[in-house]
Enquirer: 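This structure is in structure tokens; I'll ask about it shortly.
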Amino acid sequence: MRAIPTDRGTCPFDPPAGMADEPLSKVRLANGDQVWLVARHDLVRQVLADTRFSSEIDGGFLGAPLRAVEPDPGMFIQMDPPRHTRLRRLMTGRFTVQRMNRLRPRVEQIVTDTLDALEQRPRPADLVEEFALPIPSLVICELLGVPYAEREEFQHASAKILSLTTTVEEQEATLIRLAGYLAELIARKRAEPGEGLLDDLLDTDLTDDELIGVAVLMLIAGHETTANMLSLGTLLLLHHPEQLALVRQSPEAAKTAVDELLRYLSIVDVGMYRRAGTDLELNGQVIPEGDFVTCSLASANRDPALLDRPDELRVTRPKTPHVAFGFGPHQCIGQNLARMEMEIAYPALFRRLPGLRLAVPLEKVPFKNDMAIYGVHRLEVEW
Ligand code: HEM
């Protein structure tokens, strides 16, 4: 049995070579687990839409074996119906277009302030540290309703949880501290409610543990994903000057570019697993109960059946039904927020720093071939 392809070495912006060789095949993970790899757009959507494939699992990375688990309170990304449905419904009702519109001026201000600070930095500067990471972190604070004065601590904790150089023990300790902080914040909000999403959720039947779980999920699901898109998307545009020129010149192209970058880069690829809850048939193949399945979102998004010339980056492309945000009942709840952040941040960056360029050759950029979510560890830039 072949190992799951992981190396994006041939071209750092393409899916790993060999990923889409077969629409459905059995592959071996680095930890020795065997899983079904689904690599065609229609099949990926079929799996993700079918709740007989369970999400109540853990493992798959860094040697941890895949196994069925009882989800932690509030972590609805890891839940099946009906408990998933209950939490998801509560959240979608509050992740409204109105709330997103209310956030827009705040996101614009956060981007402006971040660029003001970046401009003062010595050059070359690391665009990941100075631009891509702080923006989504501050936006999540805004969304949840974390008070200004406490954001530094919150941001510090989230940076620590996401950092590669933090040990597992340090990450756990930070998570416990963060949960403690959130418990205390929720108690204060119960006494004096504010305007954030957490405040909105106070008058539901969610327990404090569930509220903390939801807040931590938002932080983890919404922070590094958006940060990786901001840095990797910038790098891809710098690598395609003719496409970058379109983004600079046309507000319309700056808007359509966001979904094309999401599709083209598919930073979440084979990172999500499902477990067959019963014997199932897929593409004429029986998937026995208990087998694990993973979907290559990157292969699905480059499927020639989905669009014309899938390997070409074209920022003015009409929107395609790509699966960069997943599909079905677990489809990303923060997708409109992520889109808004990108729609504001990319053009603002290119406007503010017209001479923006890489400070090192592309071969020297450290790509995240070792991570569940693809991106770059650092992006040294000049302007
Ligand atoms: C470019 C940025 C993002 C990408 C590429 C992305 C991608 C994804 C994907 C692929 C899933 C599906 C997981 C699955 O099926 O198991 C997902 C779910 C989720 N995302 Fe995002 N995401 C992004 C930004 C965000 C943001 C900004 C937030 C919140 C503020 C967020 C919150 C969530 C949550 C809560 C779920 C779980 C939904 C559920 O299980 O019902 N994401 N995301």
Side-chain angles (χ1 to χ4, degrees), residues 38 44-45 47-51 53-58 60 71-72 74-95 99-100 103 107 132-133 135-146 158 196-198 201 210 213-233 258-275 292-298 300-301 322-346 372-375:
V38 188
V44 164
R45 298 222 309 185
V47 169
L48 296 180
D50 186 343
T51 50
F53 285 107
S54 168
S55 288
E56 301 195 343
I57 51 183
D58 200 4
D72 289 332
M75 288 285 160
F76 61 97
I77 195 166
Q78 216 182 19
M79 290 179 190
D80 295 337
R83 44 185 164 191
H84 173 261
T85 325
R86 166 180 167 255
L87 290 178
R88 171 96 189 189
R89 227 178 248 150
L90 280 178
M91 295 303 289
T92 40
R94 284 160 178 85
F95 246 82
R99 181 183 291 280
M100 295 307 118
L103 270 180
V107 175
L133 275 171
I135 291 173
S137 157
L138 289 167
V139 170
I140 288 168
C141 285
E142 192 73 38
L143 174 79
L144 293 176
V146 174
S158 59
L197 183 77
L198 283 180
L201 291 169
E210 285 175 324
V214 162
V216 172
L217 172 60
M218 289 295 147
L219 177 68
I220 294 172
H223 188 179
E224 212 201 335
T225 41
T226 313
N228 283 345
M229 272 311 298
L230 288 177
S231 46
L232 192 62
V258 167
D259 271 280
E260 174 67 348
L261 292 171
L262 283 159
R263 177 195 75 81
Y264 196 86
L265 291 168
S266 303
I267 53 159
V268 181
D269 184 14
V270 288
M272 317 149 13
Y273 296 92
R274 298 288 193 269
R275 181 176 172 276
F292 290 98
V293 176
T294 190
C295 293
S296 171
L297 302 184
N301 286 339
H322 67 73
V323 288
F325 287 118
F327 186 70
H330 286 277
Q331 195 182 42
C332 183
I333 210 167
Q335 57 183 291
N336 288 331
L337 180 58
R339 282 196 180 94
M340 188 213 289
E341 290 180 55
M342 289 185 270
E343 273 170 32
I344 294 169
Y346 293 129
I373 302 170
Y374 192 58

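Predicted model, so just to flag it, every value in this text is computed and none were measured. Residue indices begin at 1 and follow the sequence shown. Counting starts at 1 for both ligands and their atoms, in listed order.
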Enquirer: Measure the CG-CD distance between L201 and E210 for me, rounded to the nearest 0.5 Å.
Expert: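 It is 10.5 Å, given to the nearest 0.5 Å.
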Enquirer: Could you identify the single nearest non-hydrogen protein atom to atom 42 (N) of ligand 1 and state the distance to 0.1 Å?
Expert: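 Here the nearest protein heavy atom works out to C332 SG, 3.0 Å.
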Enquirer: Students should be able to answer this: which protein heavy-atom is nearest to atom 32 (C) of ligand 1, and at what distance?
Expert: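 For atom 32 (C) of ligand 1, the nearest protein heavy atom comes out as A221 CB, 3.6 Å.
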Enquirer: Would you say that more than 12 heavy atoms from the other residues, nucleotides or ligands in this model lie under 6.0 Å from the CZ of R94, or not?
Expert: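 Yes, enclosed.
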Enquirer: Out of all atoms in ligand 1, which are within 4.0 Å of some heavy atom of L262? Include the element for each.
Expert: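 This gives 1 (C) as the contact atoms.
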Enquirer: Evaluate the side-chain proximity of M340 to I344: yes if any heavy-atom separation is below 4.5 Å, no if none is.
Expert: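 SC-SC contact between I344 and M340 confirmed.
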Enquirer: What's the verdict on side chain to side chain contact (heavy atoms under 4.5 Å, CB included) for Q78 and L217, showing C-alpha distance, side-chain angles and the deciding distance?
Expert: CA-CA 10 Å; Q78 216 182 19; L217 172 60; over 6 Å; no
Enquirer: Taking only heavy atoms of R88, which atoms of ligand 1 are found under 4.0 Å from at least one of them?
Expert: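 Ligand 1 atoms under the 4.0 Å threshold to R88: 38 (C), 39 (C), 41 (O).
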Enquirer: Hey, does R339 sit under 4.0 Å from ligand 1 if you only count heavy atoms?
Expert: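 No, that is not the case, since the closest heavy atom of the residue is not under 4.0 Å from the ligand.
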Enquirer: Side chain, backbone, both or neither: which part of H330 comes within less than 4.0 Å of ligand 1 when only heavy atoms are counted?
Expert: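 The part of H330 near ligand 1 is both the backbone and the side chain.
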Enquirer: Mind running side chain to side chain donor-acceptor pair (under 3.5 Å) on H84 and S55 for me, showing each step along the way?
Expert: CA-CA 10 Å; H84 173 261; S55 288; over 6 Å; no
Enquirer: Examine the proximity of ligand 1 to H84 and report which part, side chain or backbone, both or neither, has a heavy atom under 4.0 Å away.
Expert: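 H84 to ligand 1: side-chain contact only, backbone stays beyond 4.0 Å.
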Enquirer: Can you tell me the protein heavy atom closest to atom 26 (C) of ligand 1 and the distance?
Expert: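 The protein heavy atom lying closest is G222 CA, 3.3 Å.
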Enquirer: Which one of Y273, F325, F53, F76 has a non-hydrogen atom at the shortest distance from atom 6 (C) of ligand 1?
Expert: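 Checking each option, the heavy atom nearest atom 6 (C) of ligand 1 is found in F325.
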Enquirer: With rounding to the nearest 0.5 angstrom, report the CG to CE distance, L197 to M218.
Expert: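 L197 atom CG to M218 atom CE measures 6.5 Å (nearest 0.5 Å).
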Enquirer: Could you please spell out the steps behind the side chain to side chain contact (heavy atoms under 4.5 Å, CB included) verdict for H330 and L48?
Expert: CA-CA 8 Å; H330 286 277; L48 296 180; over 6 Å; no
Enquirer: Can you tell me the protein heavy atom closest to atom 23 (C) of ligand 1 and the distance?
Expert: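 Of every protein heavy atom, T225 OG1, 3.5 Å lies nearest to atom 23 (C) of ligand 1.
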Enquirer: Return the OG1 to CD distance between T225 and Q335, rounded to the nearest 0.5 Å.
Expert: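 So the OG1 of T225 and the CD of Q335 are separated by 12.0 Å.
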Enquirer: Just how far is it from atom CZ of R275 to atom CD1 of I57, taken to the nearest 0.5 Å?
Expert: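 Rounded to the nearest 0.5 Å, the CZ-CD1 separation comes out at 8.5 Å.
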Enquirer: I'd like to check which ligand 1 atoms, numbered from 1 as shown, lie under 4.0 Å from a non-hydrogen atom of M229.
Expert: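 Matching atoms, with element in brackets: 1 (C).
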Enquirer: Start with the C-alpha distance between E260 and R263, add both sets of side-chain angles, then the distance that settles side chain to side chain contact (heavy atoms under 4.5 Å, CB included), and finish with yes or no.
Expert: CA-CA 5 Å; E260 174 67 348; R263 177 195 75 81; 2.9 Å; yes
Enquirer: Which ligand 1 atoms does M218 reach within 4.0 Å, using its non-hydrogen atoms?
Expert: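 By the 4.0 Å cutoff, the relevant atoms are 29 (C), 30 (C), 35 (C).
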Enquirer: Is any side-chain heavy atom of E56 less than 4.5 Å from a side-chain heavy atom of M79?
Expert: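 Touching, per the 4.5 Å side-chain cut-off.
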Enquirer: To the nearest 0.1 Å, how far is atom 34 (C) of ligand 1 from its closest protein heavy atom, and which atom is that?
Expert: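 Its nearest protein heavy-atom neighbour is I333 CG2, 3.7 Å.
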Enquirer: Is NZ or CZ of R88 both nearer than 6.0 Å to the six-membered ring centre of F76 and within 45° of the ring axis?
Expert: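 Here R88 fails the 6.0 Å and 45° test against F76.
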Enquirer: Strictly under 4.0 Å, does any heavy atom of P329 approach an atom of ligand 1?
Expert: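 Yes.
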Enquirer: Under 4.0 Å from any heavy atom of T226, which atoms of ligand 1 are there?
Expert: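 So the answer, numbered in order with elements, is 2 (C), 24 (C), 27 (C).
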Enquirer: If you measure from CD1 on I333 to CD1 on I77, what distance do you get to the nearest 0.5 Å?
Expert: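 Here the interatomic distance stands at 10.0 Å.
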Enquirer: Check each heavy atom of N228 against ligand 1 and say whether those closer than 4.0 Å belong to the side chain, the backbone, both or neither.
Expert: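 Looking at N228 and ligand 1, no heavy atom falls under 4.0 Å.
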Enquirer: Pick one of side chain, backbone, both or neither for how S55 approaches ligand 1, counting any non-hydrogen atom pair under 4.0 Å.
Expert: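 Looking at S55 and ligand 1, no heavy atom falls under 4.0 Å.
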Enquirer: What I want to know is whether R274 and ligand 1 share at least one N or O pair that is separated by under 3.5 angstrom.
Expert: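 Between R274 and ligand 1 (N or O atoms, distance only) the closest approach is under 3.5 Å.
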Enquirer: Considering heavy atoms of the protein only, find what lies nearest to atom 13 (C) of ligand 1 and give residue, atom and distance to 0.1 Å.
Expert: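 Protein heavy atom with the smallest distance to atom 13 (C) of ligand 1: M272 SD, 3.9 Å.
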Enquirer: For atom 7 (C) of ligand 1, state which one of A324, P136, G74 supplies the nearest heavy atom.
Expert: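 Considering heavy atoms of A324, P136, G74, the nearest to atom 7 (C) of ligand 1 sits in A324.
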Enquirer: Can you report which non-hydrogen protein atom sits closest to atom 36 (C) of ligand 1, along with the distance?
Expert: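 That would be I77 CD1, 4.0 Å.
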